[in-house]
Each structure stands twice: as structure tokens, then as C-alpha cells.
Amino acid sequence: MSYPFKEIEEKWQKAWEKQGSFVSLPDSKRKKYYLLEMFPYPSGKIHMGHVRNYTIGDVAARFKCMQGFNVMHPMGFDAFGQPAENAAIKNKTKPDTWTHKCIDWMRIELKKMGFSYDWAREVSTCDSPYYKWNQWIFLKMFERNLAYKKASGVNWCPSCETTLANEEVIDGACWRCHTRVEQKDLEQWYLKITAYKERLLDDLQGLKNWPERVLSMQSNWIGKSSGVQIYFKLKNTGETIPVFTTRPDTIFGATYIVLAPEHPLVKNIIQGNPQEKEALKFIKRVSRESKVVRSSSDVKKEGVFTGSFAVNPANNEEVPIWIADYVLMEYGTGAIMAVPTHDQRDFLFAKEHKLPMRIVIKGPDSLEKMTEAYEGNGVQVNSGQFNGLNNEEAKSKIAQWMEEEGIGKVETHWRLRDWLISRQRYWGTPIPIIYCPKCGVVPVPYEDLPVVLPKDAPFTGEGGSPLAKVKEFVNVKCPKCNGPARRETDTMATFFDSSWYFLRFCSPKDDHLPFNKDDAAYWMPVDQYIGGIEHAILHLLYARFFAKFFQDLGLINFKEPFNRLLTQGMVLKDGEVMSKSRGNIVDPDSIIKLFGADTLRLFILFAAPPETELEWDDRGIEGAFKFLNRVWRIKENLKDRADSELIKVMHKTIKRVSFDIENFKFNTAIAGLMEFVNVIYQSTCDKEVFKNLLIMISPIAPHFAEELWQELGNKESIFNSVWPQYDSNLLLDENVEIVIQVNGKLRLKLEVPADIAEDKLKELVFSDERLKPWIQNKTKKKFIFVPKKLINIVV
RNA sequence: GCCGAAGUGGUGGAAUGGCAUACACGUCGGUCUCAAAAACCGAUGAGCGCAAGCUCGUAAGGGUUCAACUCCCUUCUUCGGCACCA
């Protein structure tokens with residue numbers, strides 16, 4: 001007979017809700033702990049990824065609570081976004097109706113898992129009391145020129161019919177629908193995240209409790225590269241061609257320069273030269289190639305000579321100017337100095353086109369023997385006054401010299417671009433801007449917020465912003481001159497909404513500011529944040545940017561919003577990510593029906609450490625169920641007094657499990673509990689021991705533990721009890737097993753008193769018959785003794 | 001190419017430089033049963049051996065150390081990020 005999980009889970013979910021068990025209030029006398037999991041998009045159904053993410057968080061929240069922390073554990077919904085529009089078209093409903101229905105379903109499913117959320121703090125980003133503050137934040141940014149409108153080439157997804165931020169383009173395709181992204185010239189709203197690039201990069205250093213790979217991804221994305229802009233001059237006209245390099249130490253080896261085909265100077269340079277016709281042909285051909293093809297690294301580097309020359313400012317040498325497809329207009333200055341001896345791309349290009357080379361940093365090969373560029377360090381040669389210096393040293397010396405001579409300038413390049421936030425979609429926060437023919441771009445006054453998203457908009461699926469078709473929305477009076485004006489009909493990207501929701505949770509109902517300063521000062525920063533690695537760049541970078549902006553507004557007084565970050569691994573089935581298209585989904589609800597939420601929680605924590613991928617295993621879930629039943633049956637055999645040995649094991653288990661849960665090592669924490677239960681089965685167990693076992697299981701299987709806790713006669717909830725402490729005196733054994741090694745190889749194990757003296761032990765070891773064959777007739781060189789652990793005899 | 005993470009039984013996975021493979025799954029055996037299921041107990045890295053036991057074994061190779069899955073170097077493979085980034 002298995003334990004009645006269904007009744008138990010329903011019973012306690014109701015009881016906790018009624019008692020308000022997880023409601024959190026600021027309390028300056030108690031230490032706070034803000035535990036946050038990335039809030040879900042309300043698709044209507046939770047999936048295993050949610051279950052894993054939220055179970056990890058829930059264990060930590062309940063554990064911290066029993067350790068005496070004032071825990072805040074909120075939940076909400078990231079509710080704006082495109083799927084709602086698609087569903088509205090498909091099901092002939094409204095995005096608003098559809099989304100709220102999904103939220104209701106989702107809330108029920110989350111509650112079925114028994115998560116300890118403070119539902120009083122729930123927020124949905126699609127509700128105007130929330131998105132009003134998106135508009136407020138936007139206006140604050142607008143005032144500071146951090147939100148601006150600009151016409152430029154943008155990423156355009158033809159399938160979603162909207163623009164995309166750079167962060168939303170993955171391998172040249174839309175992150176959502178994988179359609180190939182096109183370039184389009186449009187006037188769009190941007191947030192000046194680049195104004196924060198140094199802080200976003202530098203402050204990564206302080207994030208000691210973030211995973212290495214997330215830090216590295218963010219740092220790559222921000223992409224700082226320091227170097228020198230060097231001014232080459234056109235031989236004939238004296239016009240300047242700036243090039244960017246990170247290797248100023250190789251300037252004396254720059255034997256030609258290369259311009260991107262789109263470079264604005266190209267036309268002038270080739271004009272009238274015999275090479276003009278060929279060059280034009282080449283430029284035309286390259287312009288037709290797509291960006292993706294051009295940036296694939298295995299394509300041969302092609303180029304043509306322009307017929308013109310420039311002057312290398314370091315040695316006044318004349319160098320030919322080429323055009324090549326491997327130089328990109330978007331990066332640096334769109335022109336490079338080529339050093340074939342010390343850059344592999346330049347080397348290949350120079351060999352192909354028989355261009356001159358000169359070694360300026362001594363490497364292993366002579367010029368004749370060189371088969372590839374030498375990109376390592378070494379001593380400067382052929383470099384005028386810098387000969388003999390190590391190139392690393394020469395880098396800064398040369399840069400300095402160039403600045404003094406006025407032939408170069410130290411410069412830093414960044415990969416990070418401003419964040420494109422306007423979307424030509426309906427289901428998002430309206431951008432609070434009005435266009436007046438007289439006054440131009442006018443921000444909506446603060447007192448007029450929120451600009452409410454009209455509930456009715458025509459959905460045809462034909463593209464174009466649906467809001468533009470709602471006359472009552474579009475036509476307004478100009479706040480400045482009261483004349484007829486027109487509203488902005490683009491909405492904000494949903495990543496805007498999620499960039500500050502963690503602050504809103506601190507005071508979800510505040511109608512004064514996005515969040516209450518005092519509440520945020522108490523709860524923030526988030527102590528532990530948990531979510532998927534897919535947000536390593538997008539959401540986590542934007543949220544950091546917003547936090548820094550709020551810091552500048554004086555609303556908060558810390559740099560970084562998330563102290564610790566845990567990125568949980570994905571849930572796989574048969575080695576592949578669970579997805580609808582693969583048809584390998586395991587529905588959490590079906591598992592809850594069969595085994596209950598507690599078993600599901602237990603399995604998902606036991607099967608793998610939180611950060612790694614987790615392979616779903618139907619038999620594993622049965623194993624988890626078996627374990628809970630095994631614990632359930634202990635109550636039938638409780639005696640008045642427990643074995644003293646069992647009590648020792650209990651204290652060891654308390655130590656171990658506390659440490660493991662504290663450090664998010666749930667799989668080994670559970671292993672420890674299983675070992676403990678195995679020992680209980682072979683000993684005499686009493687109520688006190690069993691109680692401690694239940695407390696340790698309770699964060700993992702809360703309903704289960706609460707039920708047994710009550711059966712033992714406790715009136716208070718198990719979650720009001722204090723996490724057990726171990727008695728370090730009981731951790732010590734009287735006898736210990738000592739491992740005897742000879743030359744590092746295990747030969748013998750001895751059971752001896754724990755406090756045995758080294759001499760006595762030595763005597764014991766050398767007199768042991770079983771060891772004779774290994775040490776007889778051999779000279780003993782060394783005797784290593786690690787107390788309570790091992791002896792190593794070197795012969 | 002650069003940056004980051006990882007590589008351990010049939011499987012998921014354990015091991016502050018000190019007994020490699022904890023815990024679980026699977027498999028095999030036993031107890032209970034008319035029988036089965038459940039439950040409980042036990043065995044389970046490979047090779048050799050009747051056995052006590054021995055040898056090998058943590059991607060590969062080298063090094064440091066009395067002692068290396070763990071530290072260092074080289075290489076390979078897998079995954080992730082960035083990338084003709086100058």
C-alpha cells in the first residue's frame with residue numbers, strides 16, 4: 001500500500017493558503033532573505049523546466065525560513081508578448097482574455113506543486129497598475145536622453161512582423177520563431193544601454209556568486225577591445241584613413257591597408273585608376289552576398305587592388321590600398337592595416353595576392369620559411385627606435401609615441417549596441433509618446449499615465465501595428481499646444497517588463513513610484529536568483545542595466561540586483577530537450593496524478609545536480625516514490641528509545657544535509673537522507689529521531705512531511721519549527737577505521753581507537769602479519785600518518 | 001580562432017590532495033507467498049584465481065607528491081558563448 005498522497009497534498013495546500021503560511025512582511029529586526037525564480041510566461045500549462053526551476057527555489061525558500069530568515073518568495077507572470085496575439089487570431093478571442101485565462105490555469109498548476117509563494121505579491125506585467133511604471137521608467141529615461149528615436153538599419157523578423165533587439169537574433173534568426181532575420185531601415189526607439197557599458201562590464205567582477213559561464217557570456221557580449229586608431233594618409237590627396245588595431249606593436253609590419261567594400265572613401269580612391277572597373281564589379285558582387293555568407297569563416301578571402309597608395313605614418317612607407325570582403329564596415333573604422341607576418345588572415349590574403357611582408361616580432365621562422373603568421377609574443381625587430389623591446393611593452397610605448405606624434409589615438413571599441421525596444425505589435429506596453437505636427441515629439445505627462453492599451457484592436461494577422469487602426473487611441477490632443485496630435489503606436493519589447501519586476505515584488509501595490517524605496521531597501525538585492533541559462537545575456541543584462549539606472553535616479557543604493565545566481569540545467573528526455581515538436585514531453589500534471597507532487601519534487605532534485613542537464617527517467621520517479629513510502633512506514637515501528645548509534649548517525653546526517661541544502665547540492669542531500677533511512681531500518685528508532693528526519697525532508701516533500709508531523713501529535717506546522725542543529729560531540733566516533741597503505745597502495749584496514757597515539761599505532765601496524773609480505777626485507781623510507789584516516793608506509 | 005564549462009560502472013550520478021564508483025536505477029540471488037506483486041535482506045567496475053587475494057581502472061599522455069578523479073603541462077572529444085572583431 002502506498003501512502004495517500006492525493007488527499008494529503010490537497011489538504012495541506014488548502015491549510016497553508018488559509019493560514020497565510022507564506023505571506024511575508026518587512027521586519028527590520030529579522031534578517032531578510034529574498035529568493036526569486038524567473039517568473040514564467042503564462043502559456044497556461046507548466047512544463048518540467050518550470051517544475052525544476054521552482055522546486056529548486058522552493059527547497060531553498062523553505063530551508064531558509066526554518067533557519068529563521070524572513071523569507072520573501074514571490075511569483076508573478078511575464079504576461080505581455082506575442083503568443084497571446086497569435087492565440088487571439090487563432091481562437092478568435094482577445095489577448096487580454098486569453099492571457100488572464102492562462103494565468104488562472106497556471107496559478108492552479110503552480111499551487112498543485114505546493115510551492116511556498118507569497119501570492120499576495122503576485123503581479124502580471126500586462127495589467128495597467130504594472131505597465132504604468134514601464135511608461136514612467138521610459139519617460140525618466142527619455143528625460144535623460146537614455147531613450148531616443150533613431151532611423152537606422154534594424155533587425156526585422158518577417159514572420160513576427162516586428163523588429164528585434166540584437167540580443168534577440170540568434171545565428172541570424174529570430175530567437176522566437178527561427179525565421180531568418182532581415183535588415184530594414186526604420187525609425188525606432190532605443191534605450192542607451194551603451195551609456196552603462198563600463199559599469200556593466202566592471203561590475204561583473206563583483207558578482208562572485210554568479211556562474212563563470214554567465215559572466216563570460218556577458219563579458220563577450222559587451223565585447224571591450226582596447227587598441228589604437230592609426231591615421232594613414234592618402235598619398236595623393238593627403239586625406240586621412242583611420243584604421244583600428246589592437247596590435248600597435250606590429251605597425252612597422254603593416255605593408256598594405258584594406259578597406260571594406262562599403263567604405264565611403266572607396267569611390268574616390270578608385271576613380272580614374274585602371275583598376276576602377278574591376279573594383280566596381282567586385283564591390284557590386286560583394287554587396288549582393290548576404291551577411292551570413294560573408295561572415296562564415298571558411299569562405300576564401302577575396303579582394304582587389306584599388307590602384308591607390310597610402311602612407312604608413314610610422315615609417316612613411318608607401319603601402320598599396322586594397323578592398324576585401326573580409327573587412328567589415330560595421331566594426332572599427334571599416335578599414336584595417338594589414339600585417340601579414342603577424343595576422344593569419346592577412347597572411348593568407350598576402351600570399352594569395354603576392355603582397356609584401358616584413359617580420360617585426362621575432363618568431364621561430366624566417367620570412368622565407370614562414371607557413372603561417374606568427375601571432376605570439378617576442379622581441380621587436382625592423383621597428384625603428386622600438387627594436388629590442390618585448391612586443392607587450394612596445395604596445396603601450398608605440399601607442400604613446402603615436403599620440404605624441406599625432407598619428408594615432410588610443411581607443412576602445414565595444415561590441416554592445418543600444419537596445420532596440422519598439423515593437424510593431426499590440427500586446428505590449430504602449431510607448432508614452434505623442435507626435436504633434438507643431439511641437440514634435442512630446443512625452444505623455446506623468447499625471448496622464450498609464451496610457452492604457454485599448455482592449456479592442458482588430459486582429460487580422462496582416463501585419464502592421466494593430467494599435468494604428470484604433471482611432472480613439474491614435475488621435476489625441478497635444479499635451480503642449482492642445483492641437484491635434486497622434487500617439488506612438490509601437491509597444492515596448494517584453495524584456496522591458498521583466499527588467500525590473502523583482503523590484504516591484506517588494507511593494508507590488510505601490511501607486512506612487514515603481515516601487516517603494518524603503519521596502520526595496522529592506523528586501524533588495526535578491527539573495528538568490530534562479531532561472532534558465534537562456535537568459536544569461538538578454539534578461540540578466542537588461543535587469544542589471546535597469547538596476548544601475550535606478551541607482552542613478554536615487555531609488556536604490558546598490559549596484560547589482562542579484563547577489564547569487566543559479567542557472568538550472570534543462571530537462572531532457574532520451575537525450576533531447578523536451579519539446580512539443582519532438583513529442584517527448586512528460587506532463588508534470590500526469591506525474592502528480594500518478595505519484596503526487598512530493599515524489600515529483602524529490603525525483604527532479606535527486607536525479608542530477610541543479611546546474612546540469614537532467615535526463616528524465618520513468619523508473620527513477622518510481623524509485624523516488626518508493627523512498628517516500630519507505631519513510632512513511634517508519635511510523636509503524638517507533639519505539640520509546642532510539643539506539644545510541646542511530647542518534648550518532650542522525651547528527652552526522654543533520655550536518656551533511658544542512659551543508660548540502662545550503663549549497664544547493666540537493667542530490668547528495670537526498671542521498672544522505674536515504675542512507676539515514678537505511679540505517680533507521682536496521683536500528684530502533686524513536687519519535688525524536690523521526691521528527692528530525694521529517695524536518696530535513698520537509699523542504700523537499702513538504703505535504704508529506706507536514707502530514708506525518710501532524711500525525712506525531714504536533715499542533716504547529718512543521719515549517720514553524722527550527723532547523724535541527726547537530727551536536728559536534730556526537731560526530732566523533734570512539735573507534736575509527738585506519739587505512740594502511742604501502743607505497744600508496746591500499747593493503748590493510750585497521751579498527752583502532754580514535755585517539756590512538758602514533759607510536760602505538762606504528763607498533764600495531766608493523767606487528768600485523770597481513771602486512772609482512774609488503775614490508776619484509778625492505779628498507780622503510782617514510783611513515784606518513786594522517787590522524788583518524790590513514791597510514792602510508794614508503795619502502 | 002578566443003573565452004567558458006565538462007569528460008568517472010550497464011544508466012543517473014558521489015568523492016575539503018588520503019579507501020574511486022556513495023546514493024539511486026537496472027540486473028542477479030535470497031526471505032515471505034500456493035503463486036505473483038509489494039515489502040525486506042544481500043550481490044553487482046574489468047581481468048586473473050578454488051580461495052585468501054592479486055593486477056588493471058576516473059578521455060589520452062606526461063609532471064608535481066609519500067599519496068592525484070582532484071594540482072600543473074600537452075593533446076583529444078563534447079557542450080555553450082563570441083567571432084573574417086582587425
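Each chain gets a letter, A, B and so on, in the order the sequences are listed, and its residues count up from 1. Treat the numbers as computed from the prediction; the structure is a model and nothing was measured. The figures that follow rest on heavy atoms only: side chains count, while hydrogens, waters and symmetry mates do not.
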Would you say a side-chain N or O of [X] is under 4.0 Å from OP1 or OP2 of [N]?
{"X": "A/R747", "N": "B/C54", "value": "yes"}
{"X": "A/K626", "N": "B/C25", "value": "yes"}
{"X": "A/R633", "N": "B/C40", "value": "yes"}
{"X": "A/K665", "N": "B/C23", "value": "no"}
{"X": "A/R345", "N": "B/C85", "value": "yes"}
{"X": "A/N629", "N": "B/A39", "value": "no"}

Partner lookup for B/G10, please. Criteria are Watson-Crick or G-U wobble with both distances under 3.5 angstrom; report none if nothing qualifies.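 Pair assignment: B/G10 / B/C25.
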Between [atom2] of [N] and [atom1] of [X], the distance in whole Å:
{"X": "A/L790", "N": "B/A20", "atom1": "CG", "atom2": "P", "result": "10 Å"}
{"X": "A/W616", "N": "B/G13", "atom1": "CH2", "atom2": "P", "result": "15 Å"}
{"X": "A/L416", "N": "B/C85", "atom1": "CG", "atom2": "P", "result": "19 Å"}
{"X": "A/I700", "N": "B/C23", "atom1": "CD1", "atom2": "C1'", "result": "13 Å"}
{"X": "A/E675", "N": "B/U21", "atom1": "CD", "atom2": "P", "result": "13 Å"}
{"X": "A/E622", "N": "B/U11", "atom1": "CD", "atom2": "C1'", "result": "15 Å"}
{"X": "A/D346", "N": "B/C85", "atom1": "CG", "atom2": "C1'", "result": "13 Å"}

Between [N] and [M], how many Å separate the two [atom1] atoms, rounded to a whole number?
{"N": "B/U58", "M": "B/G10", "atom1": "P", "result": "13 Å"}
{"N": "B/A37", "M": "B/C28", "atom1": "P", "result": "11 Å"}
{"N": "B/C23", "M": "B/G45", "atom1": "P", "result": "12 Å"}
{"N": "B/C69", "M": "B/G1", "atom1": "P", "result": "31 Å"}
{"N": "B/A43", "M": "B/C34", "atom1": "C1'", "result": "28 Å"}
{"N": "B/U65", "M": "B/G49", "atom1": "P", "result": "39 Å"}
{"N": "B/C19", "M": "B/C25", "atom1": "C1'", "result": "25 Å"}
{"N": "B/G57", "M": "B/A46", "atom1": "C1'", "result": "7 Å"}

With side chains defined as the heavy atoms from C-beta onward, is the minimum distance between [X] and [Y] less than 4.5 Å?
{"X": "A/T55", "Y": "A/F666", "answer": "no"}
{"X": "A/Y681", "Y": "A/R633", "answer": "yes"}
{"X": "A/P340", "Y": "A/L355", "answer": "no"}
{"X": "A/K789", "Y": "A/I738", "answer": "no"}
{"X": "A/D617", "Y": "A/E615", "answer": "no"}

How would you summarise protein contacts on nucleotides 41-50 of chain B per nucleotide, using B for base, S for sugar-phosphate only and - for none, with heavy-atom distances below 4.0 Å? SS--------
Using a 4.0 Å heavy-atom cut-off, write out nucleotides 70-75 of chain B from 5' to 3' as B (base contacted by protein), S (sugar-phosphate only) or - (no contact). ------
Here's a test of your reading of the structure: between A/I791 and A/A624, which maps to the more 5' nucleotide of RNA chain B?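 Looking at RNA chain B, the more 5' nearest nucleotide goes with A/I791.
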Rounded at 0.5 Å granularity, tell me how far CE in A/M696 sits from CD1 in A/I654.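 Here the rounded value is 5.0 Å.
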Apply the ring pair (Phe, Tyr, Trp, His ring centres under 6.0 Å) test between A/W419 and each candidate in A/Y542, A/F495, A/W221; give the one that qualifies.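 It is A/Y542; the other options fail the test.
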Could one point to a donor on the side chain of A/N792 or the base of B/C66 with an acceptor on the other under 3.5 Å away?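 Such a pair is found, so the answer is yes.
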Presence of donor-acceptor pair under 3.5 Å, side chain of A/K655 and base of B/U16: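 Under the 3.5 Å cut-off, the side chain and the base do not form any donor-acceptor pair.
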Assign B/G9 to syn or anti; the rule is syn for a glycosidic angle within 90° of 0 and anti otherwise.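 What B/G9 shows is a syn base, its glycosidic angle lying within 90° of 0.
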Between A/K652 and A/E675, is the salt bridge (Lys or Arg N to Asp or Glu O under 4.0 Å) condition met? List the steps. CA-CA 11 Å; A/K652 283 180 187 163; A/E675 282 177 60; over 6 Å; no
